[in-house]
Amino acid sequence: LLIEALKHPDATVRKVAAHHLVWEEPIEAETSLIRALYDVSDDVAGEALFSISYFSNQMILRGLAEASTSAPERRRS
């Protein structure tokens, strides 16, 4: 349910889903959380970054590396 909520049209719903996935830590959420790093809402992207910072595998590390080089300047800090 939380993974699907990352696709919701309301940024608040996406933000809450991204935040709560940190506690679930399902491997199925990795791709969706990486995609959420590029969300138009900075709040959603920030919560996605917060959640995936607790995951540690090559897919997450590659996703973070790519996001850090292709995301807008405001998200590179």
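Everything numeric here is computed off the predicted structure, so don't read it as measured data.
Here the side chain of Ser53 pairs a donor or acceptor atom with the backbone of Phe50 at under 3.5 angstrom.
Applying the side-chain contact (heavy atoms from CB on, under 4.5 Å) rule to Glu4 yields the partners Lys7; only residues at least two apart in sequence or on another chain are considered. The side-chain contact (heavy atoms from CB on, under 4.5 Å) test applied to Thr31 returns Arg35, Met59, not counting sequence neighbours.
When the side chains of ILVMFWY residues are joined at heavy-atom separations under 4.5 Å, either directly or via intervening members, Leu49 and Val44 end up in two distinct hydrophobic clusters.
Here the CG atom belonging to Leu21 is positioned 11.0 Å from the CD1 atom belonging to Ile52, to the nearest 0.5 angstrom.
Between Leu2 and Ala17, the shortest heavy-atom distance links the atoms O-CB, 3.5 Å. Residue Ser32 comes nearest to Ile3 through the heavy atom pair OG-CG2, 3.4 Å, listed as atom of the first residue, atom of the second, then distance. Ala36 and Leu6 get closest at one heavy-atom pair: CB-CD2, 4.5 Å.
Among residue pairs with one or both ends in residues 12-22, those qualifying as salt bridge (charged side-chain N to carboxylate O under 4.0 Å, His left out) are Arg14-Asp39; sequence neighbours excluded.
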